[in-house]
Amino acid sequence: MSRTTDELPRLASPETIAELSELMARAHAENRTVAVFGGGTAFDDNPPAATPGLLIDMTGLAAVADPPGAENRSTADRTLRAGAGAKISALDRLAAASGQELLPDLPLDRSEAGASLGGMIATAATGPRHLHRPRLADSVTAVTTIGADGTIARTSGGLAPALTDRDLPGLMTGSWGTRAIIVEAEIRLTARPESQGFVWIPGAEAAAELLAARRVPDAVVIERPPGAPAATVALIEGETAHVETEVGRLVDAVPGASACARPEWWGRRSRVPVTIGVSIAPDFLPDLLETTARLEDALGYPLQLRGSAAGMFELGVAAPETEPGVATRVVLEHLRSFGLHRIAVRLVHAPAPVWDGVDAWGPLPGKSVLQALKDDCDPRGLLSPGRGLGGI
């Protein structure tokens, strides 16, 4: 029996773009909702999705190939092209063979857990080294997508005529699979640093000075464990002699600083029941630390804060034996009371009952624009409904 006359399955694992295109066209004709997964490392982020009519495993679309003419490009211009199901860890190993690495910094724990290229792009993932690295949207030079109706597109106009002037990689980055399915992407590479050095600094007071320094470290991360003072960890990378010089300079210049090994938590999310995403103006950091400590004392729940001193944090609500819904609601509402000009807060990861009992997103400027993009790309709302920012 041919594929076109077989009954459409509930779970599919296509091995070619053409096969996936046909599956999507049939799902569209049957008005089925569709969700995709690669490594599954962000499957529990954002609101729990309703069971889709068709769940697509992207791991069969993992072929890797250099783009045409790559052999004639300079090292600075090199890119790597791969299927959306390709594992980031495999791409890292491939790039390392020629002294390269992926240009954007990506979360280490997700990479180690099998995250895919398409999944990282769809979730706009970022790691601690973002200070000197471009965003994923600026590192992906091209994508191939399949729309809700099965259309294969390599430009935004091919996806939806109303979006002709939009950049397709930018449109797909952070879309959470709600606009189209990424099936292939081309991503920029950069020279792999020869060496890395880490400096541990007690407290968070030095972070602002490091960010304003003549030579800003490659990462400045704040770690505030539950019930404990915050500390700053700075990363310097590059040639070995440069790293040794800069690490020594920081240790001499900053009171209490000392060279250290890479912390075991580096590039990793805290494994706690609830994770809240927090974006702040850098000068609000002292207030955020003070507020976290005060909320922890008032609620009796352990709170953990970790993130870039430039203003991107995750706040973990650790309550392993109790339902953390009330604490989560209090934390969200209290932080939002400072106003959007100082802080933006949203729920990232939580048990399903918590999502149902809190305002997960809060004020979301531009939500109408995001909804319009969804409507242009997917008028029937079949692609991962509810998984996008704002519950789109």
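- Using a 4.0 Å cut-off between charged side-chain N and carboxylate O, Asp359 and Arg336 make a salt bridge.
- Cluster annotation: Ile121 and Leu94 are assigned to the same hydrophobic cluster (Ile/Leu/Val/Met/Phe/Trp/Tyr, side-chain heavy-atom contacts under 4.5 Å, transitive).
- In this structure, the side chains of Val64 and Leu91 come closer than 4.5 Å at one or more pairs of heavy atoms.
- Side-chain N/O atoms of Arg110 and Thr123 include a donor and acceptor closer than 3.5 Å.
- Partners of Trp266 by ring-ring contact (aromatic ring centres under 6.0 Å, His included), not counting sequence neighbours, listed by chain and number: Phe198.
- In this structure the side chain of Val34 never reaches within 4.5 angstrom of the side chain of Leu23, judged on heavy atoms.
- Within 6.0 Å of CD on Gln371 lie more than 12 heavy atoms contributed by other residues, nucleotides or ligands.
- Listed by first and then second residue, the salt bridge (charged side-chain N to carboxylate O under 4.0 Å, His left out) pairs involving residues 221-242 are Arg129-Glu237, Arg133-Glu237, Glu223-Arg306, Arg224-Glu296 (not counting sequence neighbours).
- Taking the side chain as every heavy atom from C-beta outward, Met120 and Thr173 never approach each other to under 4.5 Å.
- Screening Ile56, Leu55, Leu20, Leu383 for a side chain to side chain contact (heavy atoms under 4.5 Å, CB included) involving Val36 leaves a single residue, Ile56.
- Residues Arg78 and Leu103 form no side-chain contact, since every pair of their non-hydrogen atoms from C-beta on lies 4.5 Å or further apart.
- If you check the side chains of His334 and Arg329, you find no donor sitting under 3.5 Å from an acceptor.
- Cluster annotation: Leu235 and Leu250 are assigned to distinct hydrophobic clusters (Ile/Leu/Val/Met/Phe/Trp/Tyr, side-chain heavy-atom contacts under 4.5 Å, transitive).
- In this structure, a donor-acceptor pair under 3.5 Å is present between the side chains of Thr79 and Glu186.
- Within the 4.5 Å cutoff, the side chain of Glu112 has heavy atoms near those of the Arg268 side chain.
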### Query
Would Thr232 and Val220 satisfy side chain to side chain contact (heavy atoms under 4.5 Å, CB included), going step by step from the backbone distance to the final call?
CA-CA 7 Å; Thr232 303; Val220 180; 3.8 Å; yes
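- Residues Thr144 and Arg81 fail the side-chain proximity criterion, which asks for heavy atoms closer than 4.5 Å.
- Between Val274 and Pro351, some side-chain heavy-atom pair lies under the 4.5 Å cut-off.
- With sequence neighbours left out, Phe284 forms a ring-ring contact (aromatic ring centres under 6.0 Å, His included) with Phe338.
- Asp287 has a carboxylate O that lies under 4.0 Å from a charged side-chain N of Arg342, or vice versa, which qualifies the two as a salt bridge.
- Closest heavy-atom contact between Ala257 and Ile201: CB-CG1, 3.9 Å.
- Here the side chains of Phe37 and Thr59 are not in contact, with every heavy-atom distance at 4.5 Å or above.
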### Task
For the pair Arg135 and Asp138, evaluate salt bridge (Lys or Arg N to Asp or Glu O under 4.0 Å) and give the outcome as yes or no after the intermediate values.
CA-CA 5 Å; Arg135 302 174 307 151; Asp138 299 320; 3.2 Å; yes
